[in-house]
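All remarks here apply to the structure that follows.
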There are 2 protein chains.
Amino acid sequence: MKFESATIKDIAKALNLSTSTVSRALRGSFEISAETKKQVLEYAEKINYRPNPIALSLKERRTRSLGVVVSEIANNFFSQAINGIESIAYNRGYHVTISQSHESGEREKVNIQHMAARGVDGLLVSLSSESVDLSFLKELHDKGLPMVFFDRVTQEIITHTVVANNYLGSFQATEHLLQQGYRRIAHLTSSPHLSITRERLEGYKDALAKYHLPFEESLLRNCPHGGMIQDEVEDALNSLFKGKNSPDAIFTAGDRLTMTCFGLLKRLNPQRHIGFTGFTNTQVGDLFAPSLTVVRQPAFEIGQSATELLIQMIESKRPVTEFQNKVLDTELIIRESSMKMK
Amino acid sequence: MKFESATIKDIAKALNLSTSTVSRALRGSFEISAETKKQVLEYAEKINYRPNPIALSLKERRTRSLGVVVSEIANNFFSQAINGIESIAYNRGYHVTISQSHESGEREKVNIQHMAARGVDGLLVSLSSESVDLSFLKELHDKGLPMVFFDRVTQEIITHTVVANNYLGSFQATEHLLQQGYRRIAHLTSSPHLSITRERLEGYKDALAKYHLPFEESLLRNCPHGGMIQDEVEDALNSLFKGKNSPDAIFTAGDRLTMTCFGLLKRLNPQRHIGFTGFTNTQVGDLFAPSLTVVRQPAFEIGQSATELLIQMIESKRPVTEFQNKVLDTELIIRESSMKMK
DNA sequence: ATCGTTATCGGCATCGTTTGCGTAAAAAAA
DNA sequence: TTTTTTTACGCAAACGATGCCGATAACGAT
């Protein structure tokens, strides 16, 4: 089953012209007579001619498409970020190819290499939680493939980055819980490799320090799959609530993690009140019971900003040497789940 | 800023061979000596040679990528369906290019034509609510571009389709509300043009008929943007609850519509109890207050099934003339929101 | 010595489009 | 009329890879 489209040759043959004349007529070159031009334009319109973007890509060595790598689409943060990416990309004439790593480093590598082999003009990357060996990305970067990291970034590759103010968002959320009177705040987070994990942990620690509380390893849990695997979260919660020194509040550091943990908390511990807040971009936090106190990231804007920087790099004549590291503020939306029961 | 990659010519030049020899050596042709083959393979590995997919696409007239058109990614149903699409596509060696129509017919047309102009080997389409003139799609279909419709389908183009059993899902949900004792069940749905709208309306009507209740126009509301525009839903709800004959239950026919309506219902009518259920693929229906009775569609499986059919069409030698119309069952998950208060 | 085989490789066209260069005919200048 | 300029177009190369055909050499058979 093949799909045939009209080419410039078909027009040339039909009108007894050369392909070069047709090509020039189509793009309105001044060295083609008005008459010929009109003829060509009319015929092209008639047979609904569309230039073959693949041939153009081969010639111009560009595809006008951007590659996006995220861990999961079915994640409020990422789907909103992708909306931001798309809104800029399409306005600037770029396509968007999306691939998911599902938090697998191997999958991420395969997807990126597949896209990079001339499939895309640039890459928007949010690393997977398994990503440790980034040498394949570094190679692509060294070869000149433009890339911008967002959300989950790396220091190993020097380029533009766009992230939320994870430190401050985490600090504010933790401080809010402390202000409410909670004193044993557990922190449920993703893989320790990730930049967001480290930054959010720092904010959490510093907020504790401000209230002269020690950081306790025993209140920290890592779920490398970020809430995608329910058992991982369930194990973490069970171990947290096993002893007698169990936490009185939980602060989660990721969209899926927040949702999964919130659900499990209701199931596993329905009787006890646990203060709760977490990073999530859900738009229905006020519909939950209890309504959810959340740290919201400017996902759409992060996507937009990263895309603008990427396109700017792609279209720059000379190699870019000055890089921006954008940090956008989060928003703490306080609802019932973090309130202290009397 | 350009990204240069090694080509077959570089290998040929370096090894003093012709490009054809290198090409054949790379794909292990038997008419190349073992020695040359080894030389080529080794050098290719050394410079990390990757065939240029664009050049291959031009030659083989295929791109090994699939185009997906949905209204919104940030929609539980679609993001899960895309996961299904991706799971099959990547296993079969296809890329996935996603575009959103945002329920705009114009945007949909532009995106599809952009992708179709040789950008993709086939299309997976869920129509936008504004889609009325499908002539551009029909043209592409007539030219031989393989396409499969899922979720929101059309009769105008004869090809494979994969949908949920919208009629039955709607019937069961409505019947459930009726069994609970509700008698004035409003139906909030999307654009009347959509197949899903019609099918779900039929199920709703037939369930009413089974209980000898008349269908009342005054209990039907269309929100063409499917819950993406809050005001649309708010207006619909306000007009429903204006008179004295206001509904005692609401049944919504779409993911975003369900979420938006559920939120508004709590805000606008906090005092009165309204029975509620709707189509949605949210994974956290049990976390809401009240927990949400939902009609869940097998989104992942729908995506998988549609993709399998599409790839089968693409790889078929001769035009496909027998088409499947798959219908997958929905699941009614009963929770508190649809319970009748005593 | 001549021919046929076989093994191994190169030349060239091709996919669709753009573009630098060349050139015929027509128009303008001499 | 001759020369120069302009107009309007064609030729061919290029992008990267493939594949049909043809070329060359070595070798055995006749």
Side-chain angles (χ1 to χ4, degrees), chain A residues 2-41 43-44 47-65 114 116-121 143-144, chain B residues 2-41 43-44 47-65 114 116-121 143-144:
Chain A
K2 54 188 166 290
F3 167 52
E4 304 286 349
S5 234
T7 76
I8 220 168
K9 283 185 192 170
D10 300 329
I11 304 181
K13 208 168 296 171
L15 265 43
N16 246 331
L17 292 169
S18 76
T19 58
S20 24
T21 304
V22 176
S23 172
R24 273 183 278 250
L26 249 17
R27 55 197 50 253
S29 164
F30 58 91
E31 50 177 329
I32 301 295
S33 72
E35 195 185 1
T36 309
K37 230 182 259 182
K38 190 172 142 246
Q39 229 186 348
V40 170
L41 264 337
Y43 189 74
I47 65 171
N48 196 25
Y49 168 78
R50 295 271 177 278
N52 182 327
I54 296 179
L56 283 179
S57 293
L58 185 58
K59 187 122 238 306
E60 296 172 4
R61 335 197 68 188
R62 61 181 302 175
T63 60
R64 294 202 78 86
S65 78
H114 197 176
R118 296 231 84 85
V120 296
D121 292 343
K143 276 196 198 163
Chain B
K2 56 189 163 289
F3 166 52
E4 303 286 350
S5 233
T7 77
I8 216 168
K9 283 185 191 169
D10 300 328
I11 304 182
K13 208 166 298 171
L15 265 43
N16 247 331
L17 292 169
S18 78
T19 59
S20 17
T21 303
V22 175
S23 172
R24 273 183 287 249
L26 250 18
R27 59 196 49 252
S29 163
F30 60 90
E31 47 177 321
I32 301 295
S33 70
E35 194 186 2
T36 309
K37 227 182 262 183
K38 188 170 143 249
Q39 227 187 350
V40 170
L41 262 338
Y43 189 74
I47 64 170
N48 196 24
Y49 168 78
R50 294 272 176 280
N52 183 326
I54 296 179
L56 283 179
S57 293
L58 185 60
K59 187 126 232 319
E60 295 174 4
R61 334 197 71 187
R62 62 181 301 175
T63 60
R64 294 202 79 85
S65 77
H114 196 179
R118 296 232 85 83
V120 296
D121 292 344
K143 276 196 200 165

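Reckoned from all heavy atoms, side chains included, excluding hydrogens, waters and symmetry mates. First the proteins, then the strands, lettered A, B, ... as listed; each starts at 1.
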Test item: A/Val40 and A/Leu15 side chains (from C-beta on) under 4.5 Å apart, heavy atoms: yes
Pairwise side-chain contact, B/Ile11 with B/Ile47, heavy-atom cut-off 4.5 Å (strictly under): yes
Separation of D/dC9 P from A/Leu26 CG (nearest whole Å): 14 Å
Atom-to-atom span, CG of B/Leu58 to P of D/dG16 - whole angstrom: 12 Å
Throw together a table of side-chain donor-acceptor distances under 3.5 angstrom for residues 20-31 of chain A, partners on residues two or more places apart or in other chains.
from, atom 1, to, atom 2, distance (Å)
A/Ser20, OG, A/Ser18, OG, 3.0
A/Thr21, OG1, A/Ser18, OG, 3.0
A/Ser29, OG, A/Glu31, N, 3.3

Where chain A begins and ends its contact with DNA chain C, read 5' to 3' at 4.0 Å from heavy atoms: C/dC15 to C/dG20
Bend angle of the helix from C/dA1-D/dT30 to C/dA27-D/dT4, from helix axes over five pairs at each end, nearest 10°: 90°
Nucleic acid contacts - residues 6-13 of chain A versus DNA chain D, non-hydrogen atoms under 4.0 Å: none
Heavy-atom closest pair, residues A/Gly119 and A/Thr63: O-OG1, 3.3 Å
Where B/Tyr49 and B/Ala6 come nearest, the two heavy atoms and their spacing: CD1-O, 3.5 Å
Presence of A/Ser18 side-chain N/O under 4.0 Å of D/dG10 phosphate oxygens OP1/OP2: yes
If you measure from [atom1] on [X] to [atom2] on [Y], what distance do you get to the nearest 0.5 Å?
{"X": "A/Arg61", "Y": "A/Asp121", "atom1": "CZ", "atom2": "CG", "value": "12.0 Å"}
{"X": "A/Asn52", "Y": "A/Leu58", "atom1": "CG", "atom2": "CG", "value": "10.0 Å"}
{"X": "B/Gln39", "Y": "B/Asn16", "atom1": "CD", "atom2": "CG", "value": "9.5 Å"}

Categorize [X] for me: base, sugar-phosphate, or nothing, with a 4.0 angstrom heavy-atom threshold over every strand shown.
{"X": "A/Phe30", "result": "nothing"}
{"X": "A/Thr36", "result": "sugar-phosphate"}
{"X": "A/Leu17", "result": "sugar-phosphate"}

Any residue meeting side-chain hydrogen bond (donor to acceptor under 3.5 Å, both in side chains) with A/Arg64, in chain and number order, not counting sequence neighbours: none
Tabulated below should be each protein N or O lying under 3.5 Å from an N or O of nucleotides 19-28 of chain D; please produce it.
from, atom 1, to, atom 2, distance (Å)
D/dC20, N4, B/Arg24, NH1, 3.2

